[in-house]
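Scroll down for the structure; my scribbles are underneath it.
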Amino acid sequence: MDQRTDLAGHTFPHILSKPRVGILYQYFYPDDVVSARHFTDLAEGLRDRGCDVEVWTSNRACRDESVCYRRNEVWRGIRIHRIWKPRFKSGSSIGRAVSIAWMIAAWTVTLWRQHNRPDVVIVGTDPPLSFLTALTVRLVWPAARFAHWCFDVYPEAAVADGMLSPNSPIERFLKRLVRHAYGNISLIADVGECMRKRLDAYGHRASSATMVPWALVEPENPGTADPAIRSKLFGDAALGLLYSGNFGRAHSHEAFFELARSLKSDNIAFAFGIRGNRTSLVRQSLRPDDANIRIIDFASEAELEARLSAADIHLVSLRPEWNGLVVPSKFFGSLAAGRPVIFAGPGDSDIARWIRGHQVGWVLNGDSSEAIAEELRALAVSRDGLKAMQIRCHRIYQKHFARKVVLDRWDEALRSLIRPRISPLLS
């Protein structure tokens, strides 16, 4: 905001033509971790929609903290400031706690010192509890407007992960702190209705919006399988099912293995291209007679589109205790590639509701397993039926979940936060 003078000599504030948006997230370009890619896309999308975007992030890479990036740069018109962070011991609870405190403190001091402050600041959930920055910043800058893009709900996710005991003194303290922080946030963007219910339980009065994490790769049409890649994944199987992406504590594989074993004699193959802290568990679950189940290498982003297109159907999972705390982003990548989804997870979850509402796959459980197996056998011999499902999935993604669709929602939501500040000037 600068100052203008009218004909009578009165000064008044003038809103710059470009809304100023600040972004706080621990990882950003050039880091390739999925959430960093989403925040990078968000920054570029807001820039393309006429915003002046500035980012404050960490100087260390996500997967290898020995790698450090330039402290300051302008990249594609976006100003990036990377905060120096000590290298904490990997997997250490104390290290994680200190890292959280470090980033919140650094962001707080940085925004306190800013002369040309953003009109609105977007903060994510990496590190966990990052949104507490809204609480600390407003101690000195009461007019600050914060938007929180919630990928994971804390401290509940820490309880589901086994890091905190339910109803422990620490959990109760954190929940009180979180409730207070939400009272200082103007917009809370969830990634689904179940998460919104979890967040609304805190009694906040912020505006709400659903902003799903779009697919990193968005083909213009449903992908066509590369024969060589398909053969590598599924051999000569008539139907190939793929689990591709991170496999952590929120995910499960048991229902898929049971389904695969029931289809062993039907020329239907399952492949798992995964990484994460539960990958070894999947490998250990393989039996010598699991001839139609393969564990394959994780695909790089450059390989991702071809990998996703090589499968006929994709697999997505969510453990019940994580319902409403996270939404697996691989669901959106599957639809973007034009592939229906078999989801092993809670029947009342957002993914289950999207699958039923948009008719883009199946919800796998003990009651539905046999019926799904029969449908898969039918699709293995009916390419026309499978092709129709794939076209529908791609169309549904483009209409409801595509990057452009979500970025347009972000732009509208952020401008509505800023607009009340300028409306008195226009009256």
Side-chain angles (χ1 to χ4, degrees), residues 1 15-16 18-28 35-36 38-57 78-81 103-104 107-108 110-111 114 116-139 141-154 178-193 195-196 198-200 202-214 327 403 405-423:
M1 187 179 294
I15 302 296
L16 298 175
K18 285 190 173 185
R20 296 188 301 276
V21 178
I23 293 178
L24 311 180
Y25 201 70
Q26 183 163 219
Y27 303 111
F28 196 77
S35 60
H38 283 122
F39 272 83
T40 301
D41 286 351
L42 174 61
E44 288 193 273
L46 294 176
R47 175 211 59 200
D48 292 344
R49 287 160 177 76
C51 296
D52 181 12
V53 182
E54 195 163 4
V55 178
W56 289 272
T57 183
I78 299 166
R79 298 188 302 282
I80 305 174
H81 310 286
M103 292 304 299
I104 291 174
W107 282 329
T108 299
T110 297
L111 290 175
Q114 281 292 110
N116 192 24
R117 288 168 170 165
D119 295 309
V120 61
V121 179
I122 303 172
V123 59
T125 46
D126 201 336
L129 302 172
S130 297
F131 55 88
L132 294 180
T133 307
L135 184 60
T136 56
V137 166
R138 283 171 64 92
L139 294 174
W141 178 20
R145 287 181 182 259
F146 275 84
H148 173 41
W149 196 7
C150 185
F151 283 3
D152 313 275
V153 180
Y154 286 97
V178 165
R179 187 183 302 274
H180 194 21
Y182 285 157
N184 288 272
I185 295 176
S186 302
L187 168 68
I188 298 180
D190 55 74
V191 294
E193 184 179 333
M195 180 177 287
R196 180 175 297 188
R198 294 263 197 172
L199 296 168
D200 286 350
Y202 281 94
H204 67 79
R205 288 185 285 182
S207 300
S208 296
T210 295
M211 309 288 189
V212 301
W214 49 84
V327 172
R403 175 170 52 215
V405 172
V406 182
L407 288 174
D408 283 346
R409 291 178 193 151
W410 263 116
D411 183 59
E412 181 180 355
L414 294 178
R415 289 178 186 274
S416 70
L417 287 184
I418 300 169
R419 198 173 296 126
R421 293 183 172 185
I422 67 175
S423 57

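This is a predicted model, so every value here is computed, not measured. In this chain, numbering begins with 1 at the start of the sequence shown.
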(message) I need the T133 OG1 to M103 CE distance, nearest 0.5 Å.
(response) 8.5 Å

(message) Looking at every heavy atom in both V53 and A43, which two are closest together, and how far apart are they?
(response) CG2-O, 3.7 Å

(request) Apply ring pair (Phe, Tyr, Trp, His ring centres under 6.0 Å) to F39 and list each qualifying residue two or more places apart in sequence or on a separate chain. (result) Y25, W149, F151

(message) Do V55 and I78 have side chains that approach each other closer than 4.5 Å (heavy atoms only, starting at C-beta)?
(response) yes

(request) Please name all residues satisfying ring pair (Phe, Tyr, Trp, His ring centres under 6.0 Å) with H180, sequence neighbours left out, ordered by chain then number. (result) none

(request) Kindly determine whether V327 and V212 satisfy side chain to side chain contact (heavy atoms under 4.5 Å, CB included), including the steps that lead there. (result) CA-CA 9 Å; V327 172; V212 301; over 6 Å; no

(request) Using a strict 4.0 Å threshold on nitrogen-to-oxygen distance, state whether R20 and D119 make a salt bridge. (result) yes

(request) To the nearest 0.5 angstrom, please state how far the SG atom of C51 sits from the CH2 atom of W410. (result) 11.5 Å

(request) Check side-chain hydrogen bond (donor to acceptor under 3.5 Å, both in side chains) between E44 and all other residues, then give those that pass, not counting sequence neighbours. (result) R76

(message) I need the E412 CD to L414 CG distance, nearest 0.5 Å.
(response) 10.5 Å

(message) Taking the side chain as everything from C-beta on, heavy atoms only, tell me whether F131 gets closer than 4.5 Å to V178.
(response) yes

(message) Using the side-chain contact (heavy atoms from CB on, under 4.5 Å) criterion, which residues pair with R179? Sequence neighbours excluded.
(response) Y202

(request) Look up atom CG in L24 and atom CD1 in I104, then write down how far apart they are to the nearest 0.5 Å. (result) 10.5 Å

(message) What I'd like to find out is whether the side chain of L407 reaches to under 4.5 Å of the side chain of W214, using heavy atoms alone.
(response) yes

(message) Which residues pass the salt bridge (charged side-chain N to carboxylate O under 4.0 Å, His left out) test with R403, not counting sequence neighbours?
(response) D41, E218

(message) Could you check whether any side-chain N or O of T210 sits under 3.5 Å from a backbone N or O of V191, counting only pairs where one atom can act as donor and the other as acceptor?
(response) no

(message) So, taking the atom named CG in L199 and the one named CD1 in I185, what distance separates them when rounded to the nearest 0.5 Å?
(response) 9.5 Å

(message) Any non-hydrogen side-chain atom of D52 less than 4.5 Å from a side-chain atom of R79?
(response) yes

(message) Working note: V137 + V121, criterion side chain to side chain contact (heavy atoms under 4.5 Å, CB included); need CA distance, chi angles, decisive distance, verdict.
(response) CA-CA 11 Å; V137 166; V121 179; over 6 Å; no

(request) Taking the side chain as every heavy atom from C-beta outward, state whether I188 and H204 have any pair of such atoms under 4.5 Å apart. (result) yes

(request) Working to the nearest 0.5 Å, report the span between OG1 of T108 and CG of L135. (result) 9.0 Å

(message) How close do C150 and M195 get, counting heavy atoms only, and between which atoms?
(response) O-SD, 3.2 Å

(message) Test your reading of the model: is there a side-chain donor-acceptor pair from R198 to the backbone of V153, 3.5 Å cut-off?
(response) no

(message) Is the shortest side-chain heavy-atom distance between Y27 and D126 below 4.5 Å?
(response) yes

(message) Between R415 and P19, is there a side-chain heavy-atom distance shorter than 4.5 Å?
(response) yes

(request) List the atom of A413, the atom of M211, and the distance in Å for their closest heavy-atom pair. (result) CB-CE, 4.0 Å

(message) Ignoring hydrogens, what is the shortest heavy-atom contact between A206 and L187? Give both atom names and the distance.
(response) CB-N, 4.0 Å

(message) Testing the basics here: between D200 and S208, what is the closest heavy-atom pair and its distance to 0.1 Å?
(response) OD1-OG, 4.1 Å

(request) Give the minimum heavy-atom separation between G22 and P118, together with the two atoms involved. (result) N-CB, 3.6 Å

(message) With salt bridge (Lys or Arg N to Asp or Glu O under 4.0 Å) as the rule and sequence neighbours excluded, what pairs involving residues 181-191 come up?
(response) D190-R196

